[in-house]
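Here the structure is a predicted model, which is why all the values come from computation and not from measurement.
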Amino acid sequence: MLKSSLNIKVDRRDAKLVMAHFYVAFIALLVGGLAGLLQVLVRSGKFELPAGIGYYQILTVHGVVLGLVLTTFFIMGFQLAAVSKTAGTFTNKQRTIGWIGFWIMTIGTVAAAVMILLNEASVLYTFYAPLQAHFVFYLGLTLVVVGSWAVGTTIILKYAEWRRANPGQPSPLLTFMALVNTMMWTVATIGVAATVLIQLLPWSLGLVETVNVGVSRTLFWYFGHPLVYFWLLPAYMAWYVMIPKIIGGKIFSDSLARMSFILFLLFSIPVGFHHQLLEPGIDPAWKFLQVVLTFLVVIPSLMTAFSLFATFESYGRSQGATGLFGWLKKLPWKDARFTVPFIGMLAFIPAGAGGIVNASHQMNQVVHNTVWVTGHFHLTVATAVVLTFFGVSFWLVPHLTGRKLTKKMNKLALIQGYLWAIGMTFMSGAMHAAGLLGAPRRSSFSEYGGAAQAAEWIPYQIAQAVGGSILFIAIILMLYIFVNLAFFAPKGEEEFPVGEAANQTEKAPMVFENWKLWLGITVLLILFAYTIPFIDLIKNAPPGAQGYKLW
Amino acid sequence: MHMHKFEKIWLIFGVTALLVFLSVLGVSAFYLGNQPPSCLAVVDPTKVDEHETFKEPGLKKVEGKDWDYELVFVAQAFAYTPGTVEVPLGAKVKVIATSKDVIHGFGVAGTNINMMVEPGYISEIVTTFDKAGEYLVLCNEYCGSGHHLMTSMIKVVE
Ligand SMILES: [Cu+2]
Ligand SMILES: [Cu+2]
């Protein structure tokens with residue numbers, strides 16, 4: 001039944017829209033990767049930026065271009081492809097809305113990028129007020145968000161159309177997952193849109209004198225935490241649905257996969273205070289409540305880990321593996337479509353453990369704003385997520401361009417994955433270690449007035465530079481593979497792998513498609529976690545802060 | 001919806017561990033008083049110099065409180081006042097800080113002192129300095145081009 005709308009190939013017109021997103025994403029990878037290389041070199045203390053370029057300007061480029069542009073464009077493209085494949089080709093109207101969204105996001109990206117290059121917006125990608133960027137920077141970010149809503153609309157419309165055409169049927173799993181992530185993104189971006197449109201834009205235009213810093217930060221982090229789950233869920237889509245097919249196995253359980261996505265929707269948003277644990281102005285009891293809610297995502301995370309390894313083990317045993325770990329040997333280690341994302345999964349184990357430290361009410365104090373945090377999200381988003389995106393590109397790009405992943409490219413892709421693992425072990429490992437000693441994140445090279453404690457951090461910074469340089473080589477390799485798959489690889493057919501559930505007779509409960517229920521609970525949880533502390537922030541606000549341009 | 005027996009065991013184990021973990025955090029926070037630094041007090045960021053507490057930054061002995069000293073810092077791009085301060089070994093100290101301009105960090109390497117300093121708000125943390133030595137205070141929240149040059153030094157002396 002579900003196969004009725006399953007396209008063998010993504011329609012050529014939809015493929016173009018997806019590839020447009022990927023071009024921007026991989027240009028962002030080049031620019032952001034270069035910025036990252038310059039940063040680790042500067043921080044080693046052995047290199048200075050030429051031509052009066054500021055360290056924090058480069059740092060802003062790195063964060064905006066990789067954290068916001070690469071991720072958002074790749075995810076939007078990937079989700080469009082997944083929906084087009086499993087729920088059917090977009091109508092012309094749906095596709096047009098997608099293109100409009102793409103261009104709005106692209107114009108916004110260019111506007112923000114120009115302001116950063118003109119040194120009018122060295123405020124990093126978190127743009128904390130009262131540092132004040134040029135209003136065009138805020139406008140650019142607004143356009144990126146608005147454009148993403150339009151692309152999201154394409155997905156929502158397609159989903160609604162599919163449900164109307166298939167009454168009483170659960171939607172295709174990939175479409176369902178893309179829809180959950182789109183809804184989470186929409187609800188979350190309301191926060192950042194609110195602070196930018198209501199507070200920062202009028203203030204940067206000089207229409208109002210001051211800004212309420214506490215409110216602005218709270219709205220930002222209401223968005224900032226779900227942002228990381230918006231990055232992660234597409235990786236989970238690949239892990240749950242595509243990887244089983246690539247290795248020749250089955251999805252462990254369709255229903256449980258849906259349940260875990262619903263739990264992520266519920267528990268990703270009302271938790272932003274775990275990024276604000278060390279700031280004044282918020283009552284500790286409300287911080288603790290949000291810490292508890294934060295940890296509820298442990299449940300769907302455990303479900304995901306179980307499903308993945310259950311799939312791997314069942315497949316290995318079906319191939320005759322014996323013993324406790326014999327199944328590991330049966331996995332297709334020579335296939336980059338599997339191995340590169342698998343490296344990402346492994347990275348997620350220490351990354352998750354570190355995340356538990358970060359969000360803990362008290363332990364956060366030891367690591368907050370140290371370079372440990374940078375090490376942490378280079379394991380989560382910059383390894384687990386990004387390597388999965390690369391792993392997806394190895395088959396999705398040739399699928400869309402009508403080409404094939406050759407043996408040679410597969411080999412390069414494996415080397416790319418291994419290099420990433422080695423480089424990141426050095427860089428992230430050194431960051432975690434230096435962070436525990438107190439070394440700050442987001443800081444240019446400094447000897448801190450010759451302090452003995454700061455001298456201890458320098459060897460770790462050199463290790464970061466070594467790791468970062470290896471990562472840059474891996475990025476160049478990835479770009480080479482991408483260009484090959486997009487333009488030069490031999491013509492052919494590359495499979496779009498969509499796994500089947502192990503138990504085909506079990507239909508997913510229809511309650512999972514009840515969006516009034518799930519969005520209702522999402523909103524209630526948000527209101528519960530935020531209403532009182534938010535009113536406090538407004539009622540007990542200090543006099544507002546003026547803007548500063550201190551770079 | 002069917003759930004495999006092993007998955008049930010795995011989830012029961014995981015959720016139990018989670019509950020134990022959260023209880024530890026909760027007892028530590030509400031019974032032992034280990035709360036993150038939060039204080040709901042505010043100050044006009046343009047009038048910091050006139051404020052009772054921030055008029056004279058530095059170390060002050062206090063009487064009749066749970067702590068023996070108050071150590072007051074004013075943060076401003078790109079320096080802290082005082083730029084260096086001596087604290088007697090073993091002293092129980094309340095560190096109090098605010099910012100005159102943008103958001104700064106206040107991290108003391110080698111200790112658990114770490115807080116955000118935001119214009120308009122007063123940040124506080126109580127701590128005991130029980131090891132002699134020099135402790136680097138540094139800004140760990142980006143505040144502008146001189147961010148990495150923003151430091152102070154706490155010298156714990158016998
Ligand atoms: Cu978070
Ligand atoms: Cu700073």
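The part of B:Glu134 that comes within reach of chain A is its backbone (N, CA, C, O), which places non-hydrogen atoms under 4.5 angstrom from that chain. Heavy atoms closer than 4.5 Å to chain A are found in the side chain of B:Ile125, but not in its backbone. Both the backbone and the side chain of A:Val292 come within less than 4.5 Å of a heavy atom in chain B. Of the two parts of B:Thr111, neither the backbone nor the side chain holds a non-hydrogen atom closer than 4.5 Å to a non-hydrogen atom of chain A. For chain A, the nearby part of B:Val43 is the backbone; its heavy atoms alone come within less than 4.5 Å. Using a 4.5 Å cut-off between heavy atoms, B:Leu138 touches chain A through its side chain atoms alone. Of the atoms belonging to A:Ala129, it is backbone heavy atoms, and not side-chain ones, that fall under 4.5 Å from chain B. For chain A, the nearby parts of B:Phe6 are the backbone and the side chain; heavy atoms of each come within less than 4.5 Å. Looking at B:Leu22, the atoms closer than 4.5 Å to chain A (heavy atoms on both sides) sit in the backbone and in the side chain alike.
When side chains are defined from C-beta on, A:Leu131 counts as touching B:Tyr142, because their heavy atoms get closer than 4.5 Å.
Residue B:His4 comes nearest to A:Phe252 through the heavy atom pair CB-CZ, 3.7 Å, listed as atom of the first residue, atom of the second, then distance. The two residues A:Leu550 and B:Phe78 make their nearest non-hydrogen contact at O-CZ, 3.6 Å.
Checked against the 6.0 Å centroid criterion, the rings of A:Tyr55 and B:His147 do not qualify as a close aromatic pair. Centroid-to-centroid, the aromatic rings of A:Phe288 and B:Phe30 come within less than 6.0 Å.
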